[in-house]
Structures are given as C-alpha cells and as structure tokens.
Q: 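Below is the structure I would like to discuss, written out as structure tokens.
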Amino acid sequence: MQAFDVLGDPVRRRILELLADGEMTSGAVCDVIGEEFGISQPGVSQHLKVLRENGFATVRPEGTRRLYAVNAEPLQDIDAWLDRFRRLWTPHLDALATELARGRRARRLGGADDPPRRTP
C-alpha cells in the first residue's frame, strides 16, 4: 500500500495526529476515534493494523496493554515527495512573513499604517 493510500483515510490521519502527541494505548485510541467517528473497537483496531503494517505506527507491549507511537520514517518519504511542490507556496509564505514584519515594525515606530486610536 502506498503512503498516500494509507493517509487518504481520515480515520488513519486522525490516529496519527493523536499519536504525534505521544504514545497511546490502543484502548485510548479506540475511545477517541470511537467518539469522533462512531467506529467500533474492532474497526479502530483494523486502522491501527494498517498503520502498523505500513510502517506509520509502532506498537510495544507493556504488561497487558499495547502502546502505539508514530514512526516518522514513512512521513519523511512523504516530505521528500512534497519537496518538489514547495516552490509553489514557499515564496508566498515568505512574502506574507515580510509583510507581517513590516506591519509590526510600522506599529512599533508609530508609522502611518497604525489604525486610528480611540480615546475614552
């Protein structure tokens, strides 16, 4: 299965978002996903299995619990693929950052770009 096929599912993307904050038990993942998507525990387990089998998540036993975590390696492959497209948005983001900095500077210096101040 290709990385984008795995991540094309909103449930699997949400699971990765949860795991990005740190390890979680399968039960905790099931609780959140069940609440948000209305999916049963076996359904969530299937999504966890897809993530694990495709390298996006790792699992380790801790007593009777199974702790899941993100494996960043496949995400690096996606980042490398996206790299060819960054040229399409990076200049726009750089220009936005420049304009924001200009506006902050103008406000600090009391420039003409300041909005009119209200007096009580």
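Sequence positions, counted from 1, serve as the residue numbers for this chain.
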Q: Quick one: does Leu18's side chain get under 4.5 Å of Ile33's, heavy atoms only?
A: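 Yes, side chains in contact.
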Q: Please confirm whether the backbone N or O of Ser26 pairs with a side-chain atom of Arg66, one donor and one acceptor, at under 3.5 Å?
A: no
Q: I'd like to know if Leu75 and Leu51 are part of one continuous hydrophobic network [Ile/Leu/Val/Met/Phe/Trp/Tyr, side-chain heavy atoms within less than 4.5 Å].
A: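 Cluster IDs for Leu51 and Leu75 match.
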Q: What are the two closest non-hydrogen atoms of Arg12 and Asp5, and how far apart are they?
A: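 Nearest heavy atoms, Arg12 then Asp5: NH2-O, 3.6 Å.
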Q: With rounding to the nearest 0.5 Å, note down the distance linking CG in Asp77 to CZ in Phe56.
A: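 Separation between the atoms: 8.0 Å.
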Q: According to a hydrophobic-cluster definition based on side-chain heavy atoms being under 4.5 Å apart (Ile, Leu, Val, Met, Phe, Trp, Tyr only), do Ile15 and Leu7 belong together?
A: yes
Q: Among residues two or more places apart or on two chains, list those pairs meeting ring pair (Phe, Tyr, Trp, His ring centres under 6.0 Å) that have a residue in residues 10-47.
A: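 Passing the test, one end in residues 10-47: no pairs.
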Q: Can you find a pair of side-chain heavy atoms, one from Val50 and one from Gln46, that are under 4.5 Å apart?
A: no
Q: With heavy-atom distances below 4.5 Å as the criterion, would you say the side chains of Val59 and Leu48 are in contact?
A: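 SC-SC contact between Val59 and Leu48 ruled out.
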Q: In Å and rounded to the nearest 0.5 Å, what is the CG to CG distance from Asp9 to Leu16?
A: 10.5 Å
Q: Under 3.5 Å, is there a donor-acceptor pair between the side chain of Arg13 and the main chain of Gly8?
A: yes
Q: Is there a side-chain contact between Leu82 and Ile78 in this structure, where contact means two heavy atoms from C-beta onward sitting under 4.5 Å apart?
A: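 Leu82 vs Ile78: side chains touch.
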Q: Between Pro74 and Gly55, what is the shortest heavy-atom contact and its length?
A: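 Nearest heavy atoms, Pro74 then Gly55: CG-O, 3.1 Å.
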Q: What salt bridge (charged side-chain N to carboxylate O under 4.0 Å, His left out) pairs are there with at least one residue in residues 18-40, not counting sequence neighbours?
A: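 Listed by first then second residue: Arg14-Glu36, Glu23-Arg60.
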Q: Side chains of Val32 and Val44: closer than 4.5 Å at any heavy-atom pair?
A: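 No, every pair of side-chain atoms sits at 4.5 Å or beyond.
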